Amino acid sequence: MPVVAIDHINLHVPDNAFMRVHKFYCEILGLVPGRRPNFLSKGCWLYAGNKAIVHLVRINSLDADTDREPGLQLPVDHIALRCGDFNNTVERLSSAGMVYSINKVSVSGNTQILLREPSGLRLELVFDSSEFAE
């Protein structure tokens with residue numbers, strides 16, 4: 001059973017941050033809310049084209065992860081999303097007052113925008129550097 005791709009990311013977002021996180025992924029990154037199965041949990045699925053790539057689950061203080069030891073942090077450093085339209089993305093991030101940095105990676109031929117989204121998760125937005133060819 002070889003792994004062939006990442007299907008989606010699932011983020012548990014506290015009630016008090018849910019709308020800020022939702023707004024970031026939709027208004028800044030351009031994902032679109034779409035169909036979601038009728039799960040017991042509350043939340044939404046955000047789509048890139050016809051694929052739900054970000055699943056947001058609304059949690060409150062009563063929704064503790066019962067499988068996790070108290071105080072144990074998950075070992076996720078960041079999530080990288082392949083993106084297009086670098087200039088528009090920079091404009092949206094700047095207009096929203098987001099703090100970010102840009103890193104050119106000549107070895108891979110990519111340009112990265114590094115930032116934290118409203119829930120605190122580190123994101124790497126990856127662009128093909130050929131988008132900047134003169």
Side-chain angles (χ1 to χ4, degrees):
M1 175 198 76
V3 173
V4 296
I6 292 176
D7 186 75
H8 67 274
I9 61 172
N10 185 299
L11 303 175
H12 284 197
V13 182
D15 271 336
N16 63 355
F18 192 85
M19 291 312 298
R20 288 191 319 271
V21 172
H22 184 276
K23 182 177 179 178
F24 171 81
Y25 281 97
C26 293
E27 293 183 15
I28 305 299
L29 296 188
L31 298 181
V32 178
R35 186 182 62 77
R36 176 183 186 262
N38 191 18
F39 294 124
L40 293 177
S41 62
K42 293 182 180 356
C44 66
W45 284 7
L46 305 176
Y47 285 72
N50 63 358
K51 178 74 177 132
I53 64 167
V54 176
H55 298 179
L56 298 180
V57 176
R58 186 184 294 258
I59 62 168
N60 61 45
S61 59
L62 302 176
D63 295 329
D65 283 338
T66 56
D67 295 343
R68 193 179 318 161
E69 293 179 35
L72 181 64
Q73 296 294 316
L74 293 179
V76 175
D77 178 68
H78 70 278
I79 294 171
L81 300 172
R82 175 66 62 177
C83 301
D85 200 349
F86 177 84
N87 291 332
N88 185 295
T89 303
V90 167
E91 184 178 310
R92 286 176 179 221
L93 292 171
S94 296
S95 293
M98 300 294 300
V99 175
Y100 61 89
S101 63
I102 297 171
N103 185 29
K104 295 184 183 196
V105 184
S106 58
V107 169
S108 66
N110 292 323
T111 298
Q112 306 165 330
I113 297 177
L114 307 169
L115 69 147
R116 286 196 185 272
E117 53 93 283
S119 74
L121 178 66
R122 286 178 5 119
L123 291 181
E124 175 184 320
L125 307 179
V126 182
F127 299 83
D128 187 333
S129 290
S130 67
E131 182 177 335
F132 312 104
E134 297 175 14

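Note that the structure is predicted; figures quoted are calculated from it, not measured.
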Q.
I'd like to know if Arg82 and Asp128 make a salt bridge, using a cut-off of under 4.0 Å between side-chain N and carboxylate O.
A. no
**Q.** Separation of Glu91 CD from Ile28 CD1 (nearest 0.5 Å)
**A.** 10.5 Å
Q) Do Val13 and Ile59 have side chains that get closer than 4.5 Å, going by heavy atoms? A) no
Q) What closest approach, in Å, do Tyr47 and Ala52 show between heavy atoms, and which atom pair accounts for it? A) CD2-N, 3.3 Å
Q | Leu123 side, atom CG; Leu114 side, atom CG - distance, nearest 0.5 Å | A | 9.5 Å
Q. Can you find a pair of side-chain heavy atoms, one from Leu115 and one from Val99, that are under 4.5 Å apart?
A. no
Q: State the CG-CG distance between Asn110 and Leu125, to the nearest 0.5 angstrom.
A: 12.0 Å
Q.
Just verifying a value: how many Å separate Ser119 OG and Arg20 CZ, rounded to the nearest 0.5 Å?
A. 9.0 Å
Q: Check the pair Gln112, Val105 against side chain to side chain contact (heavy atoms under 4.5 Å, CB included), reporting the backbone distance first and the verdict last.
A: CA-CA 8 Å; Gln112 306 165 330; Val105 184; 3.6 Å; yes
Q) Would Tyr25 and Val32 count as a side chain to side chain contact (heavy atoms under 4.5 Å, CB included) if you check the C-alpha gap in whole Å, the side-chain angles of each, and the deciding distance to 0.1 Å? A) CA-CA 8 Å; Tyr25 281 97; Val32 178; over 6 Å; no
Q | Heavy-atom closest contact (Arg36 atom, Lys42 atom, distance) | A | NH2-C, 3.9 Å
Q. Do Val126 and Leu29 belong to the same hydrophobic cluster, where Ile, Leu, Val, Met, Phe, Trp and Tyr are linked whenever their side-chain heavy atoms lie under 4.5 Å apart, directly or via other members?
A. no
Q. How far apart are the closest heavy atoms of Val57 and Phe18, and which atoms are they?
A. C-CE1, 4.1 Å
Q) Distance-only, no hydrogens or angles: does the Arg92 side chain make a donor-acceptor pair with backbone N or O of Glu27 under 3.5 Å? A) yes
Q. Given Glu124 and Ile79, is the side chain to side chain contact (heavy atoms under 4.5 Å, CB included) satisfied, shown in steps?
A. CA-CA 6 Å; Glu124 175 184 320; Ile79 294 171; over 6 Å; no
**Q.** Heavy-atom closest contact (Ile102 atom, Phe86 atom, distance)
**A.** CD1-CZ, 3.6 Å
Q) Heavy-atom distance under 4.5 Å between the side chains of Thr89 and Phe127, does that happen here? A) yes
Q. Mind checking whether Arg58 and Asp15 have side chains closer than 4.5 Å, heavy atoms only?
A. yes
**Q.** Check against side chain to side chain contact (heavy atoms under 4.5 Å, CB included), Ile9 and Ile53
**A.** CA-CA 6 Å; Ile9 61 172; Ile53 64 167; over 6 Å; no
Q: Heavy atoms only: give me the nearest Leu46-Pro33 pair and the separation to one decimal.
A: CD2-CA, 3.8 Å
Q | Pairwise distance CG(Leu121) to CG(Asp77) - rounded to 0.5 angstrom | A | 9.0 Å
Q.
To check you understand the geometry: which heavy-atom pair defines the closest contact between Met98 and Glu117, and what is its length?
A. CE-CA, 4.5 Å
Q. Any side-chain heavy atom of His22 sitting closer than 4.5 Å to one from Cys44?
A. yes
Q) Taking atom OG of Ser129 and atom NZ of Lys104, what is their separation to the nearest 0.5 Å? A) 7.0 Å
Q: Would you indicate whether the side-chain heavy atoms of Trp45 and Asn10 approach each other to under 4.5 Å?
A: no
